[in-house]
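Everything below concerns the one structure shown next.
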Amino acid sequence: MRARTRAFVLACAVLGCVLAPGAARAQDDGPRIVISLADRKLYLMEGGAVRAFPVAIGRPGVDIPRGDSTVVRKRRNPTWHPTASQRRAKPSLPLSVPPGPDNPLGQHALDLGWTAIAIHGTNEPTSIGRRASSGCFRMLPDDIATVFAATSVGTPVRVVDAPFLASPPQTPQPSPQPVAQRAAPPPPPISAPVAAASPPAAPPPPDPRCATATAPLRRMICGDADLALLDGRARQRRQDGVAALPATARETAAYTLAQDDRRFDERVAALCWIRAGSEADPAAAASARACLRTALTGRLQDLEDRLAELRGRTPTPVAERPPPRTGRRE
């Protein structure tokens, strides 16, 4: 028990928990939640023990709250009410979705002190571990049931960027030497060869769509060198990733990535409020470009995740592709 308590206190020290003298025992008395965005995991600390659960976090372009909050309400079989921004981005969304298999909140929800932010279940378990939500923290059905049962209103919640460290690094101990044995003199230093500097990465080729771009999103990307570079890197990585797959998998992979690109463009244009005439307003254009820069940066990691999935699964022939999902997302 002492070892578990020491690990708990160290974890709090790394993540910035405020532990006054003698407060370690008080922290052990009740549960505490830490969500690490770097790990994409929720850590439930209770009684000196730490349990980890994978979560989905906000998709690129979505503000993810950070800092301290608490559980302000617990809901079993919750009703989902899309926010105004979600309905602007997708006008076909209903005003509410009742409990059931199509409810994106699943069967349990822990509402936090931040507006419209919760820890909840999902009707899309394949999204767990990815950047896929509208700012909330999704969990697998069994995992959220466990956390729901272990917590209560008032349970502290902290969201951090840093990885979670649950145990101290081990310091290697020198091997004991017999007293009579004299240590051998150290060998003379060997000069390591100096590695040649790597040449700078070649910039991606220009996007041929820029010459005839009419959509506001594409015009904004093509008109900003930094945005065009980020978009070009994703385009080049997509092409290289598809080319590295077995020949039998390339057609399906290219189709899947093209669908991802279409959804990304639709989602980011709505989230960053990029509309016809946005470029004419300097303040609106600057805000949209900053939002778009964040989204394109996160897109590179999402692309790596998608390529890893494509490398690890059996390709589905085009004729056998399932129809698009109609389940709603939070």
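These values consider heavy atoms only, across backbone and side chains, with no hydrogens, waters or symmetry-generated copies.
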Side chain of [X], backbone of [Y]: donor and acceptor closer than 3.5 Å?
X      : Y      : answer
Asn77  : Pro99  : no
Thr155 : Pro31  : no
Thr70  : Val72  : no
Asp207 : Arg209 : yes
Ser69  : Gly113 : yes
Arg66  : Ile64  : yes
Asn103 : Asn123 : no
Lys74  : Ala149 : no
Ser127 : Ala132 : no

Do [X] and [Y] belong to the same hydrophobic cluster, where Ile, Leu, Val, Met, Phe, Trp and Tyr are linked whenever their side-chain heavy atoms lie under 4.5 Å apart, directly or via other members?
X      : Y      : value
Ile117 : Val157 : yes
Ile128 : Val34  : no
Ile144 : Val159 : yes
Leu140 : Trp80  : no
Leu93  : Leu105 : yes

Work out which heavy atom in [X] is nearest to a heavy atom in [Y]; give both atom names and the distance.
X      : Y      : value
Gly135 : Pro65  : O-CD, 4.0 Å
Ala162 : Ala38  : C-CB, 4.0 Å
Pro94  : Pro82  : O-CG, 3.3 Å
His108 : Ala145 : CE1-CB, 3.9 Å
Asp143 : Pro54  : OD2-CD, 3.8 Å
Tyr43  : Ala52  : CE2-CB, 3.6 Å

NZ/NE/NH1/NH2 to OD/OE distance under 4.0 Å, [X] and [Y]:
X      : Y      : value
Asp305 : Arg40  : yes
Arg130 : Glu309 : yes
Asp261 : Arg238 : yes
Asp302 : Arg306 : no
Asp231 : Arg218 : yes

Validation row: [X], [Y] side chains within 4.5 angstrom (heavy atoms):
X      : Y      : answer
Phe148 : Gln107 : no
His81  : Thr79  : yes
Arg293 : Leu227 : yes
Arg158 : Ile35  : no
Phe137 : Leu37  : yes
Glu46  : Arg51  : yes
Thr122 : Pro104 : no
Arg73  : Arg75  : yes

Got more than 12 heavy atoms from elsewhere within 6.0 Å of [atom1], [X]?
X      : atom1 : result
Asp240 : CG    : yes
Gln236 : CD    : yes
Asp63  : CG    : no

Item to check | Polar contact flag, side-chain donor to acceptor under 3.5 angstrom, Arg59-Ser134 | outcome: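 Distance-only check passes for Arg59 and Ser134.
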Between atom [atom1] of [X] and atom [atom2] of [Y], what is the distance when rounded to the nearest 0.5 Å?
X      : Y      : atom1 : atom2 : answer
Gln301 : Leu303 : CD    : CG    : 9.5 Å
Ile33  : Ile119 : CD1   : CD1   : 4.5 Å
Arg233 : Thr297 : CZ    : OG1   : 9.0 Å
Cys291 : Met220 : SG    : CE    : 10.0 Å
Arg138 : His120 : CZ    : NE2   : 6.5 Å
Glu266 : Arg263 : CD    : CZ    : 9.0 Å

Checklist entry - So Leu44 and Thr151, side chain to side chain contact (heavy atoms under 4.5 Å, CB included) or not? Walk me through it. => result CA-CA 9 Å; Leu44 176 63; Thr151 56; 4.2 Å; yes
Next on the checklist: Among Leu112, Asp111, Val147, exactly one meets side chain to side chain contact (heavy atoms under 4.5 Å, CB included) together with Val71. Which residue is that?
Outcome noted: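 Considering Leu112, Asp111, Val147, a side chain to side chain contact (heavy atoms under 4.5 Å, CB included) with Val71 is found only for Leu112.
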Checklist entry - Is Arg299 close enough and on-axis enough to Phe264, meaning under 6.0 Å and within 45°, for cation-pi? => result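 Arg299 over Phe264 ring: yes.
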